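Keep in mind that what you see is a predicted model, and the values were worked out from it rather than measured.
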Amino acid sequence: MRQLCKHPLLAWRTQPEKRASAMLRPYREQFEILVAQRGGMFFWRLSPKAKKELGLDFKSVSPCSSRIEHWLSVGDLWQALFHTGGKPHVFLAEPKHSAGFDVYVEWQGRAYLVEIQRTPLTTKAWTEKWDQRLDWYNARAFEQAPWYRGVVPRPVLILKTEQEDSTVGLPKGALAFKSADTFAKTVVFRKTGLQ
């Protein structure tokens, strides 16, 4: 529901949650509506029957999961990309053989390995986290990944905390953004030359 509320047709309206709920109501048979234990938020997710009809076999995330906010952030990234510049050609959440990056995405003719960080980390923890990913990246281990298609992915960090980039110590060539929307708009503007 949170992602639907950000849709351009709803985001500008008063009470976007109410409008999103009204839009989904005719499709109730395709969704399960669950309530999270923390915060009492409602989550709409595809029902097992709908997933089967669509040929999808992924495991649904429990609304009680401690990682629900992480998964919603991954969904926010997909939404930002889709609404800014079209559907990503490839979008893999938690891809295997990615050294822990959260998303591999091919979009707007480019490839990215995205890390979404929601909680602050110490400089030492950041160093350890990036060292692991950079060792893998610099060894070009991504070339052996089943999702690799010949386009060298660029590392991206979406930092959803108030931490400063200097604490993070980003590696050379990596991009950092404060939100998925900023990342998507920056990529589109760079490609089109718009400012």
Side-chain angles (χ1 to χ4, degrees), residues 1-17 19-20 23 39 41 43-44 61 67-95 98-123 125-134 136-137 142 147 149 151-195:
M1 182 79 79
R2 179 172 91 181
Q3 280 91 3
L4 186 56
C5 293
K6 291 181 178 182
H7 189 282
L9 294 175
L10 297 176
W12 63 274
R13 293 180 166 266
T14 58
Q15 299 179 321
E17 295 86 2
R19 305 277 183 235
M23 284 179 67
M41 291 174 34
F43 291 95
W44 292 59
V61 178
R67 292 179 43 97
I68 192 72
E69 286 297 326
H70 170 77
W71 286 108
L72 288 172
S73 295
V74 169
D76 288 344
L77 174 62
W78 193 93
Q79 285 282 111
L81 298 175
F82 180 80
H83 293 300
T84 304
K87 181 180 175 185
H89 181 66
V90 175
F91 189 92
L92 300 173
E94 304 275 334
S98 70
F101 281 98
D102 295 320
V103 178
Y104 171 75
V105 63
E106 291 177 15
W107 183 69
Q108 297 284 313
R110 298 182 182 131
Y112 302 94
L113 283 164
V114 182
E115 175 67 26
I116 301 171
Q117 187 62 40
R118 293 182 40 260
T119 55
L121 294 176
T122 64
T123 303
W126 272 116
T127 302
E128 290 172 6
K129 190 171 192 171
W130 277 113
D131 282 351
Q132 173 205 3
R133 285 160 177 73
L134 281 179
W136 173 86
Y137 186 83
F142 53 82
W147 41 261
R149 299 172 195 240
V151 179
V152 176
R154 189 160 187 191
V156 173
L157 172 66
I158 297 176
L159 189 62
K160 298 181 90 172
T161 70
E162 296 302 316
Q163 261 183 307
E164 295 298 319
D165 293 348
S166 59
T167 307
V168 176
L170 280 176
K172 184 178 179 183
L175 303 171
F177 301 93
K178 291 289 185 183
S179 72
D181 290 324
T182 307
F183 165 59
K185 289 173 184 170
T186 301
V187 170
V188 168
F189 290 153
R190 282 183 182 166
K191 185 174 182 179
T192 61
L194 299 174
Q195 293 298 328

| message | Please enumerate all residues that pass side-chain hydrogen bond (donor to acceptor under 3.5 Å, both in side chains) together with Glu115, with sequence neighbours excluded. | response | Lys129, Arg133
| With side chains defined as the heavy atoms from C-beta onward, is the minimum distance between Glu106 and Val151 less than 4.5 Å? | no
Closest approach of [X] and [Y], non-hydrogen atoms and distance?
| X | Y | result |
| --- | --- | --- |
| Ser98 | Trp136 | CA-CZ2, 3.6 Å |
| Ala184 | Ala80 | CB-O, 3.6 Å |
| Phe142 | Tyr137 | CE2-O, 3.5 Å |
| Val105 | Pro88 | CG2-CB, 3.8 Å |
| Gln117 | Leu157 | CB-CD1, 4.1 Å |

Say you draw a straight line from [atom1] of [X] to [atom2] of [Y]; how long is it, rounded to the nearest 0.5 Å?
| X | Y | atom1 | atom2 | value |
| --- | --- | --- | --- | --- |
| Trp147 | Leu92 | CH2 | CG | 8.0 Å |
| Asp76 | Asp181 | CG | CG | 8.0 Å |
| Arg149 | Tyr104 | CZ | OH | 7.0 Å |
| Leu77 | Leu72 | CG | CG | 13.0 Å |
| Arg154 | Leu175 | CZ | CG | 4.0 Å |
| Trp130 | Gln132 | CH2 | CD | 11.0 Å |

| field | Pairs where residues 82-95 contributes a residue and the test salt bridge (charged side-chain N to carboxylate O under 4.0 Å, His left out) is met, not counting sequence neighbours | value | Arg67-Glu94
| request: Describe, in one word, how the ring planes of Phe91 and Trp78 are oriented to each other, choosing from parallel (under 30°), tilted (30 to 60°) and perpendicular (over 60°). | output: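 Plane angle over 60°, so perpendicular.
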| query | Are the ring centres of Phe183 and Tyr112 closer than 6.0 Å? | reply |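 So the answer is yes for these two rings.
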| Quick one: does Gln108's side chain have a donor or acceptor within less than 3.5 Å of a partner on Gly85's backbone? | yes
